[in-house]
Each structure stands twice: as C-alpha cells, then as structure tokens.
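For reference, the structure discussed in these notes is given below.
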Amino acid sequence: MHTPESLPFVMMRGGTSKGIFLRESDVPADRESLTALLLDIFGSPDRRQIDGLGGADKLTSKAAIMGPPRREDSDVSYLFGQVGILAPEVDYNLNCGNLTAAAGVYAIESGLVAPRDGHTLVRVHNLNTDRIVHVSVPTTSTQVITQGDLQIGGVPGQGAPIALDFSRAVGAITGRLLPFGEARTEIAVPDRGNVTVSVVDGANLVIYAHAESFGLSGTEDPQAIDSDPALRAHMDALRREVAIRLGLSEYWHQRSAPSTPMLVMLQKPRDYHTCTTGELISADRLDLVCRQYASGSASKTLAGTVTVTTGMACGIAGSLPAQLCGEPGPRRYTFGHPSGVIHVDASVTRRGDSWHVEQAAIQRTARRIAEGRVFLRGTLP
C-alpha cells in the first residue's frame with residue numbers, strides 16, 4: 001500500500017486565531033512551492049476545507065512557519081500565511097498578532113528559546129513585515145504556563161496572560177506610521193463619492209472610516225455585513241483606491257481577496273450583543289466600537305495587529321479614532337468587536353513633525369492544541 005508523504009505539525013491557538021505551525025526546515029523555501037504545500041495541508045480551495053486541517057474560517061485558516069533567528073535582535077523567525085479558503089492562494093503580506101502570541105509559546109516548547117522562572121521574553125522576528133515583536137510568556141524554569149485568569153473576547157474559558165509589545169512593529173507595510181503624511185485624508189472612490197478616512201500603518205495597514213459612511217450603525221453582526229454584496233463592493237472600492245495610492249496595486253490585483261489594507265468602521269460607544277454568546281456589551285465599558293473588514297468578509301473579532309494599530313491611531317491628534325476617543329494620551333483603550341472587547345495600552349508622542357509610538361501592547365492567551373503528522377494529497381513538487 002502506498003503511504004502518502006507527510007510532515008510534522010503543531011496546531012495552536014493564539015488569541016482569537018488558530019493556526020498550523022510548521023518547521024522551516026520541513027517546508028520548501030520558495031513561496032510558490034510553499035503555497036502549494038499549505039493549500040494541500042489546509043484542504044483549500046474548499047468552503048469546508050473538508051479534506052485538510054483548515055477550520056473553514058479566516059480566523060482558523062492560518063499557517064506559521066517557524067525557524068531559527070535571522071537577526072541579532074531576535075530569538076526566532078516567524079513567517080505567517082493567511083491561507084485562502086475559496087481561492088487557491090496564500091497571503092504573506094501581513095502579520096497575525098494573535099498567532100504571534102502562539103509563536104512565543106511554540107518557540108519555548110520547541111526548544112528554540114530556554115524558559116526562565118517567571119516570564120520568558122521571546123523576540124519574534126516576523127518575516128512578512130521584517131519587524132520585531134516582544135512576546136513575554138509566563139513560564140516556570142522548565143515549561144510554559146497556560147493556566148491563568150485572563151479571559152479574552154471570542155475565546156471560551158481563561159488562560160495565562162501573554163504580553164505582546166508591538167512598539168517596534170510600526171510601518172509594517174509602507175514603512176511609515178502615516179502613509180499619507182496626515183491624520184485624515186479625503187479619498188475619492190470612483191462612482192461612490194468621497195470618504196474621509198485615517199490611514200495608519202502600525203503593526204498592520206489600516207483604513208479607519210466612520211460606520212455612517214457606509215450606512216451602518218457600527219454594531220452590525222459580521223453576517224449582516226457579509227450578506228450585503230453592495231456594501232462589500234463599496235468597502236472594497238475604498239480599500240482598492242487606498243491600496244493603489246500607496247503603491248500596492250500589483251499586490252491587490254494578484255489576489256481575489258486581498259487582506260491589505262484592512263478596513264475598520266468606527267462608531268462611538270453603543271450597547272450591542274456579541275455574535276458568539278449573545279453577551280451584552282455596555283457602552284460605558286468602551287472607548288470605540290469597531291467592525292473590521294478585509295479578504296471579502298467581516299471579522300468576528302478585532303485582529304491583534306489591528307487592535308494595536310487602533311491604539312496608535314487613538315494617540316494621533318486629528319485622526320478619526322482620536323476624535324471619537326477624546327483627548328489623546330498614554331492610556332489603556334477598550335474596543336468593542338463582534339465577539340466582545342479587547343484592550344490595548346498605547347502611548348504615542350509628537351516629536352517635531354513626526355509621531356513616535358512608545359507603547360502598543362496587548363495581552364493574549366495561547367496554547368498547544370494538537371501535534372502529529374499531516375498526510376498530503378500529493379501537491380508537493
């Protein structure tokens with residue numbers, strides 16, 4: 001009997017994302033072959049990803065390729081891949097902040113970083129953006145601690161808090177915190193009029209717009225957004241226009257569902273119920289209500305990289321998030337998303353004509369779920 005080729009994998013949850021972790025030494029170095037391998041492993045393209053390890057949701061169709069450090073200021077390298085579900089493509093143009101927490105855990109549990117008693121700092125070099133993220137993982141002198149009392153919106157139960165500092169990850173896509181050089185920009189969207197936006201490139205490239213600009217209240221369930229083709233076309237038209245103006249037209253046209261730039265629709269604090277458990281999120285808990293859209297669908301949560309970027313934006317006077325949050329200043333912000341709330345500690349200061357991010361930190365939980373060998377269908381070159 002013919003035995004199909006296989007390779008070792010680890011399945012991990014990081015924050016509100018879940019991914020398949022692979023060793024760099026086990027996968028092809030060139031992107032075309034790597035993409036074919038990942039599509040095989042995940043069972044894409046297929047809406048259910050029934051013949052692979054994919055979770056049939058963009059939050060659970062993610063890959064992490066882990067390897068030794070390539071820079072002196074890092075401990076481990078991490079390449080992120082957003083694996084297409086319906087499209088046979090893998091997007092390597094961005095980082096996943098939630099999986100970055102799992103990358104820190106993986107590095108320790110795989111022997112790439114030795115644990116210390118108390119907390120172990122893992123300096124994660126994200127190869128997608130060439131940025132360093134400091135991940136502080138709770139540990140004993142021999143192992144990772146996963147049990148704790150931190151509960152995050154969108155994840156059942158509790159876990160040990162993992163602190164992620166993204167202050168070194170600014171300019172992930174364009175190299176500039178404010179790609180247009182200003183806190184607010186008027187974008188002319190073809191056949192749809194003008195939209196006032198703030199475009200901030202922190203740990204991810206994010207467009208901020210008022211929910212009302214798209215006829216929304218800002219508290220919609222993701223399914224309501226996804227079921228409106230005209231709305232999605234409007235949002236994608238804005239994203240495309242910003243991408244083209246920032247020199248990302250080639251990237252945009254090569255993919256059926258580009259993930260960059262992200263779009264976040266903003267609203268002042270309002271009461272709403274989560275899409276996962278029906279929990280009431282009270283307006284008095286929040287600084288902003290956010291709905292995130294990219295890759296052809298609305299997200300059930302707020303991405304880790306988008307959260308820290310929003311924290312940065314709240315500290316930039318004149319930006320749309322700052323206008324809704326009030327006087328900018330170093331503090332903890334709380335954002336409401338479809339599955340609950342997320343907090344970010346952010347501090348941004350003005351030095352001359354430039355804004356500088358001094359802090360952009362979130363807390364996540366993460367754990368190893370499974371490990372073993374994945375058997376391939378035969379797309380390895």
Side-chain angles (χ1 to χ4, degrees), residues 9-22 35 38-64 80-103 128 152-157 159 204 220-229 231-232 235-236 239 255-260 262-265 273-279 290-307 336-342 364-370 374:
F9 78 94
V10 175
M11 178 183 289
M12 302 196 71
R13 179 188 61 78
T16 53
S17 294
K18 187 165 62 176
I20 302 301
F21 281 65
L22 304 167
T35 294
L38 293 178
L39 292 174
D40 188 327
I41 290 172
F42 280 75
S44 294
D46 174 47
R47 186 178 299 277
R48 295 190 298 155
Q49 294 179 318
I50 192 64
D51 203 26
L53 295 178
D57 186 288
K58 65 182 180 181
L59 295 179
T60 56
S61 190
K62 301 185 175 189
F80 169 68
Q82 181 69 56
V83 181
I85 297 174
L86 298 178
E89 57 192 26
V90 179
D91 197 336
Y92 304 101
N93 202 53
L94 71 166
N95 183 18
C96 173
N98 279 293
L99 278 198
T100 303
N128 310 71
I152 58 179
V155 179
N204 214 324
E220 282 79 5
D221 185 288
Q223 187 174 1
I225 296 173
D226 293 348
S227 62
D228 188 337
L231 171 61
R232 289 189 287 110
M235 294 188 292
D236 281 332
R239 295 175 61 230
R255 287 165 175 79
S256 60
S259 54
T260 304
M262 301 280 188
L263 172 62
V264 172
M265 293 163 284
H273 290 86
T274 66
C275 68
T276 49
T277 64
E279 175 191 357
C290 302
R291 292 297 182 264
Q292 176 184 319
Y293 174 85
S295 306
S297 63
S299 178
K300 298 180 180 68
T301 63
L302 198 64
T305 55
V306 173
T307 299
H337 58 76
S339 295
V341 300
I342 189 169
R364 303 279 82 190
T365 61
R367 74 178 188 95
R368 180 176 296 225
I369 294 174
V374 55

- Query: Just by distance, do the side chain of Glu89 and the backbone of Ser256 share a donor-acceptor pair under 3.5 Å?
  - Reply: yes
- Answer yes or no: is there a donor N or O on one side and an acceptor on the other, between the side chain of Thr307 and the main chain of Ala303, under 3.5 Å? yes
- Message: Please check this pair: side chain of Asn128 against backbone of Phe80, looking for a donor-acceptor N/O pair closer than 3.5 Å.
- Response: yes
> Hey, are the side chains of Ile342 and Ile152 touching, using non-hydrogen atoms and a 4.5 Å cut-off?
Replying inline: no
Any donor-acceptor N/O pair, Asp236 side chain to Gly296 backbone, under 3.5 Å | no
Answer yes or no: is there a donor N or O on one side and an acceptor on the other, between the side chain of Ser259 and the main chain of Ser295, under 3.5 Å? no
Check: Where the side chain of Thr60 meets the backbone of Lys18, is there a donor-acceptor pair that is under 3.5 Å apart?
Finding: no
Exercise for the section: Examine distances only and state if a side-chain atom of Ser44 and a backbone atom of Gly84 form a donor-acceptor pair shorter than 3.5 Å. Expected result: yes
Side chain to side chain, Asn204 and Asn95, heavy atoms closer than 4.5 Å
no
Output for pair (Arg364 CZ, Arg13 CZ), nearest 0.5 Å, gives 9.0 Å
Rounded to the nearest 0.5 Å, the CD1 atom of Ile85 sits from the CG atom of Asp57 at a distance of 6.0 Å
Shortest non-hydrogen pair, Gly153 vs His337, comes out as O-CE1, 3.7 Å
Here the gap from Ile225 atom CD1 to Ser299 atom OG, rounded to the nearest 0.5 Å, amounts to 10.0 Å
Please step through side-chain contact (heavy atoms from CB on, under 4.5 Å) for the pair Leu59 and Thr301, ending with a clear verdict. CA-CA 9 Å; Leu59 295 179; Thr301 63; 3.9 Å; yes
Heavy-atom donor-acceptor pair, Arg291 side chain to Glu220 backbone, under 3.5 Å: yes
Does a side-chain heavy-atom distance below 4.5 Å link Leu94 with Thr305? no
Output for pair (Leu231 CG, Tyr293 OH), nearest 0.5 Å, gives 8.0 Å
Shortest non-hydrogen pair, Gly14 vs Ala366, comes out as CA-CB, 3.9 Å
Taking every heavy atom of Ala63 against every heavy atom of Leu38, the minimum-distance pair comes out as CB-CD2, 3.9 Å
The side chain to side chain donor-acceptor pair (under 3.5 Å) partners of Ser227 (sequence neighbours excluded) come to none
Val306 versus Val264: any side-chain heavy-atom pair under 4.5 Å? yes
Checking Gln82 side chain against Lys58 main chain: does a donor-acceptor pair fall under 3.5 Å?
yes
Taking every heavy atom of Asp226 against every heavy atom of Ala298, the minimum-distance pair comes out as OD1-N, 2.7 Å
Check: Has the side chain of Asn98 got a donor or acceptor atom that lies under 3.5 Å from a matching backbone atom of Thr16?
Finding: yes
Sequence neighbours excluded, the answer for side chain to side chain donor-acceptor pair (under 3.5 Å) partners of Asp228 is none
Sorted by chain and residue number, the salt bridge (charged side-chain N to carboxylate O under 4.0 Å, His left out) partners of Arg368 (sequence neighbours excluded) come out as Glu109, Glu371
Interatomic distance, CG@Leu99 vs CZ@Phe21, rounded to 0.5 Å, equals 5.0 Å
Heavy atoms of Tyr92 and Thr35 approach each other most closely as OH-OG1, 2.9 Å
Shortest non-hydrogen pair, Val10 vs Met12, comes out as CG1-CG, 3.5 Å
Separation between CD (Gln292) and NZ (Lys300), nearest 0.5 Å, reads 12.0 Å
Do Leu22 and Ile41 have side chains that approach each other closer than 4.5 Å (heavy atoms only, starting at C-beta)?
yes
